[in-house]
Amino acid sequence: MAVGLFLFQQDLRLHDQRALMALAGRVDALLCVYCRDPASTRPGRYGIAAMGPLRRRFEDQSLAELHRSLLALGQSLHVTEGEPLAALEQLIRTFKVSVIGQSRQSGFNENRRWQTLQARWPSLTFIETDNHTLFTKDQLPFALDALPPSFTPFRKRVEALDIDAPLPSPQTLPPSPSEIAALQAPDTRARADELFRGGEPHGLTQLADYFGSEAPSYYKSVRNALQGWDCSTKFSPWLANGNLSPREILRRLRDYENQHGANESTYWIYFELLWREYFHWYARRHGARLFAFSGVKRRSPLTSFYPQRFQAWTMGSTPYPIVNACMNELRETGYLSNRGRQIVASCLVHELAVDWRYGAAWFEHCLLDYDVASNWGNWQYLAGVGADPRGHRHFDLDKQTRQFDPDGSYIARWQGHVTGPLDHVDAADWPLSTSSRH
Ligand SMILES: Cc1cc2nc3c(=O)[nH]c(=O)nc-3n(C[C@H](O)[C@H](O)[C@H](O)COP(=O)(O)OP(=O)(O)OC[C@H]3O[C@@H](n4cnc5c(N)ncnc54)[C@H](O)[C@@H]3O)c2cc1C
């Protein structure tokens, strides 16, 4: 009897699951596995746990929904709690697994784990497909090591390419080996203040709601706003956890355009999905360089680590009200608009002169939509060590405040005005306009 193991990771869904379908067609019994790494909730390289409580909750919800969907197919989800590689090897041995499958990963560490498994288990068959991206590697019109160094030439080469249709969810799956324990479903009741609820059905609901509204037709004119549910698609948490497939989003976008007409705004949704796409191939192309202080440009910024400044930034108590408001929203909800992310990242690097990697690590801890490629790629970009051909993005905080919060309602909503006394040494260092002072 052939036993297969499918490793769920940032693809917590059943629709558009190419590797799962390929694996299911080859085996008599199937283990559906998710590995929780206890290290992700302990302080890591920057003294910050990779997974904060809000992210963890979204993950729990996504796992519970996936387990429910698998139960409906006579399957179940098995969640391991130890070091992932050791846990997988234990399962391979115990269940005499002969075929193992996963969606191809963009992260360096995840890829290394897969390569280690391949090296240690040469007798196994490994199945891997591109499920996180719109394109497959073979569809790209260039080799990965010839990836364009910035977004625009990448976009121009790929935007007219055909994209495969997403696959429907499976109707049946091989059964799991009877001895395997299924997920002990955690408490995932919704909180009253919860904006985003993890899981494939909730992601599909947001997809239907967004494309069932008129918002796609005016996306471009509002996408830079700091607040407002309809100002952007809000797909990111579900995309990052794989509750939604990017190809499924694109299919709905094309349906919307066929029904209501394409315009610059609907094109811009595709444009932003291509940014995500770019950063995924960028992560695969650059491997561990994604996390390097000097980035892919190999140019070290003139920044350092100042614990007090970093702490003030994370807790929303800098002298900059717009930054504080954004950081408070991020900490309390696990979400922040793209404009807000750009503002606070620029402030950390330029005003506070702090090493960008601490900012990226804090985002990793907080963001429900944390995605290794988009997060570290965007941080590199803003720190001037990544894919920005200009090499330098310094946002004028006063100008951003006037433009994006002209009536002060965003700062008031997220209590950006702190009243503590300003440290005089920092005050001597930082550019503080009258409006930034308290
Ligand atoms: C410093 C920094 C860190 C970021 N970290 C992440 C992250 O960890 N995960 C993440 O998904 N996005 C990240 N982004 C990108 C962007 O801010 C979010 O994708 C976006 O705000 C999510 O909201 P939305 O789904 O409503 O976006 P929309 O504006 O509706 O865009 C649609 C989709 O396009 C993609 N997208 C949009 N902008 C970008 C971008 N600049 N880079 C990559 N993809 C993009 C996202 O998948 C998004 O869901 C980061 C941006 C910055 C500046």
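Counting starts at 1 for both ligands and their atoms, in listed order.
Between Y270 and Y267, the ring planes are perpendicular. Angles over 60° get that label, and only those under 30° would be called parallel. Taking the six-membered ring where tryptophan is involved, the planes of W114 and F126 are perpendicular, since the angle between them exceeds 60° and thus also 30°.
With a 4.0 Å cut-off on non-hydrogen atoms, D371 touches ligand 1 through its backbone as well as its side chain. Counting heavy atoms under 4.0 Å from ligand 1, residue L382 touches it through the side chain alone. Both the backbone and the side chain of S232 come within 4.0 Å of ligand 1, counting heavy atoms alone. Residue-level proximity to ligand 1 for Y381 is absent, since no heavy atom of it falls below 4.0 angstrom.
Atoms of ligand 1 lying under 4.0 Å from at least one heavy atom of Y370, given by number and element, are 8 (O). Close contacts of ligand 1 with F363, meaning ligand atoms under 4.0 Å from a residue heavy atom, involve 1 (C), 2 (C), 3 (C). Which parts of ligand 1 touch F279 is read off a 4.0 Å heavy-atom cut-off, strictly below it: atoms 42 (N), 43 (C).
The shortest separation from a heavy atom of Y219 to ligand 1 is under 4.0 Å, placing the residue in contact. Ligand 1 is approached by Q342 to a heavy-atom distance shorter than 4.0 Å.
Ranking the protein heavy atoms by distance from atom 22 (C) of ligand 1 puts S236 OG, 3.1 Å first. Looking from atom 50 (C) of ligand 1 to the surrounding protein, the closest heavy atom is N378 ND2, 3.4 Å. In this structure, the protein non-hydrogen atom closest to atom 21 (O) of ligand 1 is N338 N, 3.4 Å. With hydrogens left out, the protein atom closest to atom 23 (O) of ligand 1 is Y335 OH, 2.8 Å, a heavy atom. Given atom 32 (C) of ligand 1, the protein heavy atom at minimum distance is T233 OG1, 3.6 Å. Summary of contacts: the protein heavy atom closest to atom 6 (C) of ligand 1 is R341 NH1, 3.3 Å. The nearest protein atom to atom 36 (N) of ligand 1, hydrogens excluded, is given as E272 O, 3.5 Å; this is a heavy-atom distance. Here the protein heavy atom with the shortest distance to atom 11 (O) of ligand 1 is D369 O, 3.5 Å.
Heavy-atom proximity to atom 33 (C) of ligand 1, evaluated over L273, L244, V344, L253, is greatest for L273.
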Criterion side chain to side chain contact (heavy atoms under 4.5 Å, CB included) on F196 and W238, from CA distance to verdict: CA-CA 9 Å; F196 298 93; W238 291 288; 3.6 Å; yes

Derivation and outcome, side-chain hydrogen bond (donor to acceptor under 3.5 Å, both in side chains), residues S409 and Q227: CA-CA 10 Å; S409 61; Q227 52 188 340; 3.3 Å; yes

From CA spacing to verdict: side chain to side chain contact (heavy atoms under 4.5 Å, CB included), F404, Y410: CA-CA 9 Å; F404 294 104; Y410 179 73; over 6 Å; no

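Note: an N/O pair closer than 3.5 Å links F235 and ligand 1 by distance alone. For the pair N375 and ligand 1, the shortest N or O to N or O distance falls below 3.5 Å.
Under the 4.0 Å criterion applied to side-chain N and carboxylate O atoms, D388 and R390 are not assigned as salt-bridge partners. With respect to the salt-bridge test (charged N to carboxylate O, under 4.0 angstrom), the residues E257 and R254 qualify. A salt bridge between R13 and E248 is absent, with no side-chain N of the basic residue lying under 4.0 Å from a carboxylate O of the acidic one.
W275 and Y381 have their aromatic ring centers within a separation under 6.0 angstrom.
Remark: Q75 CD to L31 CG distance equals 8.0 Å, nearest 0.5 Å.
With N328 contributing its side chain and W414 its backbone, the two residues share a donor-acceptor pair below 3.5 Å.
Between the side chains of R341 and N338, no donor N or O sits under 3.5 Å from an acceptor N or O.
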